[in-house]
Structure formats: structure tokens, C-alpha cells
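Fair warning: this is a prediction, and the values are worked out from it, not measured in the lab. The analysis underlying the following values was restricted to heavy atoms, covering all of them including side chains, and did not include hydrogens, waters or symmetry mates.
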Amino acid sequence: MTPKGHTPVDLESAQPATSRRSLVGALGVAGLVTGAALAVARPVSAAPYPPTDADNAKLTQALQVELAAKLLYRDAADAGLTDAALQVAQVFGNNHEAYADQFAAMTGVSADTFNAALYEELKDDFSTSDVAQFTAAAWELENNLAATYSDLFDSFESVQSQTVVASIVVVNARMATVLADLAGLSDDVNILFDPPAELITLTEPQES
């Protein structure tokens with residue numbers, strides 16, 4: 001993969017913003033930041049039904065995944081990425097930290113325990129200054145997160161849990177589209193519309 005020389009604000013999706021992957025990819029990182037800020041700012045208490053105990057256990061697992069993602073992007077930013085790739089790593093890391101905080105607010109669990117298995121599995125792929133390696137690893141992570149949360153959606157018992165997770169899936173898809181563009185893959189329709197993805201193994205909630 002040969003990364004394109006885009007700046008984040010110039011990232012564009014090759015497809016109309018109607019697919020799951022290209023919904024906001026056309027906005028690039030600048031649009032993503034705005035969209036993520038709006039999603040995080042939306043008060044979760046506005047949902048009519050709060051999470052059940054069963055939901056809280058799953059949301060706590062999701063919180064741990066988000067913290068692992070935050071750490072992975074932090075490692076990428078610290079490894080020597082520059083220009084658009086560095087900004088992507090910083091923005092996306094902040095996104096995942098924000099969602100961990102949102103899950104913490106919903107569950108009452110401190111956002112200080114990450115999914116160590118996920119982090120250990122991917123840390124070498126993220127700890128790089130090579131843009132192609134970084135974008136490939138991050139693109140795979142975002143697609144896997146979207147698939148994992150989509151799988152969780154139907155298992156939630158509360159409207160609040162479903163609403164919040166659905167909003168995060170949208171942002172995962174946006175981020176995957178930006179990463180595909182940065183990696184030079186935005187012209188591959190199959191990649192954008194039907195990306196390969198695997199469910200992330202969620203660990204049982206642990207004591208901090």
C-alpha cells in the first residue's frame with residue numbers, strides 16, 4: 001500500500017455517503033471530529049431506558065476495549081508518525097478515550113482498566129512510524145470494532161445501550177473510511193462496502 005499525500009481535511013470517500021463505511025468518510029478528519037464531538041456531547045440520560053445489569057456488564061467490556069484502542073493510537077502517535085497520519089492517530093485516540101468515558105458514565109465503572117489481550121495482540125502493529133503499517137492496523141481495528149458493536153447491539157436490553165453503541169458504530173465506520181483513504185484504498189469498492197472484519201474477544205469485567 002502506498003499512502004496518499006492527503007492532509008486530513010482533504011480526505012474524501014470514493015463513494016456517496018450512503019454506505020455504512022462512507023457515511024461520513026467524505027468529511028475527512030475535520031468532519032469526523034465534529035461528528036464525534038456531537039455524538040459524545042449528546043446526553044445519554046435522554047434515552048428513555050437506562051442500561052440493565054446485563055447491559056452494564058457488556059458495556060464495561062466495551063469500555064475496556066475502547067481504552068485499549070486509545071492506548072494503541074497513543075503508541076502510534078508516539079512512534080514517529082507525522083503529518084496526516086499523526087493527526088489521525090491523535091484524533092482517533094481521543095475518540096476512543098471519549099467513548100470509554102461515556103461507557104464509564106453509563107455504568108458507574110472507572111475508566112482505568114483496558115483489554116490487555118487486545119492491546120498485546122496489536123501493539124507491535126501500531127508502534128510504528130510507517131504509515132502503511134499503521135493505516136492497515138488501524139483500519140482493521142476500526143472494522144473489527146464496528147462488527148463487534150453491531151453484534152452486541154441486538155443483545156442489549158435497554159434503548160440507551162442500543163442508542164449509544166449505534167452512534168459509536170457510525171463513527172467506527174467513518175474512521176475506517178478515512179484510514180482506507182489515507183492508505184490509498186478508497187477506490188476499492190469491495191474494501192469500502194464489504195470490509196473483512198472479526199469480532200473482538202471481550203474480557204470479563206475486572207477490578208481496577
* To do: Might you point out which heavy atoms bring Ala104 and Val109 nearest each other, and give the distance in Å?
  => CB-O, 3.0 Å
* Structure fact -> Across all chains, not counting sequence neighbours, the side chain to side chain donor-acceptor pair (under 3.5 Å) partners of Asn94 are none
* Structure fact -> Shortest non-hydrogen pair, Asn144 vs Ala197, comes out as OD1-CA, 3.2 Å
* Asked: Side chains of Glu142 and Asn172: is there a donor and an acceptor less than 3.5 Å apart?
  -> yes
* Structure fact -> Rounded to the nearest 0.5 Å, the OH atom of Tyr119 sits from the CG atom of Leu67 at a distance of 12.5 Å
* Closest approach of Val169 and Ser150, non-hydrogen atoms and distance? -> CG1-OG, 3.8 Å
* Asked: From Glu121 CD over to Phe126 CZ, what is the distance, rounded to the nearest 0.5 angstrom?
  -> 10.5 Å
* Which atom names give the shortest non-hydrogen contact between Ala183 and Thr135, and what distance separates them? -> CB-OG1, 3.4 Å
* Side chain of Ser127, backbone of Asp124: donor and acceptor closer than 3.5 Å? -> no
* If the plane angle is over 60° it's perpendicular, under 30° parallel, otherwise tilted; pick one for Tyr73 and Phe134. => perpendicular
* Determine whether Val170 and Ser167 make a side-chain contact, defined as any pair of heavy atoms from C-beta on separated by less than 4.5 Å. => no
* Asked: What distance separates Glu66 CD from Leu145 CG, expressed to the nearest 0.5 Å?
  -> 6.0 Å
* Can you see which heavy atom on Leu59 is nearest to which on Ser161, and at what distance? => CD1-OG, 3.7 Å
* Asked: Between atom CG of Asp78 and atom CD of Gln90, what is the distance when rounded to the nearest 0.5 Å?
  -> 9.0 Å
* For Ala176 against Trp139, the heavy-atom pair lying closest together -> O-CD1, 3.2 Å
* Step by step, work out the side-chain contact (heavy atoms from CB on, under 4.5 Å) result for Phe114 and Leu63. => CA-CA 7 Å; Phe114 64 94; Leu63 183 159; over 6 Å; no
* **Any donor-acceptor pair under 3.5 Å from Asp55 side chain to Ser158 backbone** => yes
* To do: Would you kindly say whether Asn56 and Thr107 are connected by a side-chain donor-acceptor distance under 3.5 Å?
  => no
* Asked: Got a second to check how far Thr148's OG1 is from Leu202's CG, nearest 0.5 Å?
  -> 6.5 Å
* So do the side chains of Met175 and Val171 get within less than 4.5 Å of each other, counting heavy atoms only? -> yes
* **For Glu120, salt bridge (charged side-chain N to carboxylate O under 4.0 Å, His left out) partners two or more places apart** => Lys123
* Does Asp125 offer a backbone N or O that forms a donor-acceptor pair with the side chain of Gln133 under 3.5 Å? -> yes
* Structure fact -> One should read off an interatomic distance between Ile168 CD1 and Thr163 OG1, to the nearest 0.5 angstrom, of 11.0 Å
* Polar contact flag, side-chain donor to acceptor under 3.5 angstrom, Thr52-Glu157 -> yes
* CA sep, side-chain torsions, deciding dist, call: Asp83, Val131, side-chain contact (heavy atoms from CB on, under 4.5 Å) -> CA-CA 10 Å; Asp83 302 326; Val131 175; over 6 Å; no
* To do: For Phe156 and Val165, run side-chain contact (heavy atoms from CB on, under 4.5 Å): C-alpha distance rounded to whole Å, both residues' side-chain angles, the deciding distance at 0.1 Å, then the answer.
  => CA-CA 10 Å; Phe156 284 127; Val165 167; 3.5 Å; yes
* Donor-acceptor pair, Lys70 side chain versus Phe92 backbone, under 3.5 Å? -> no
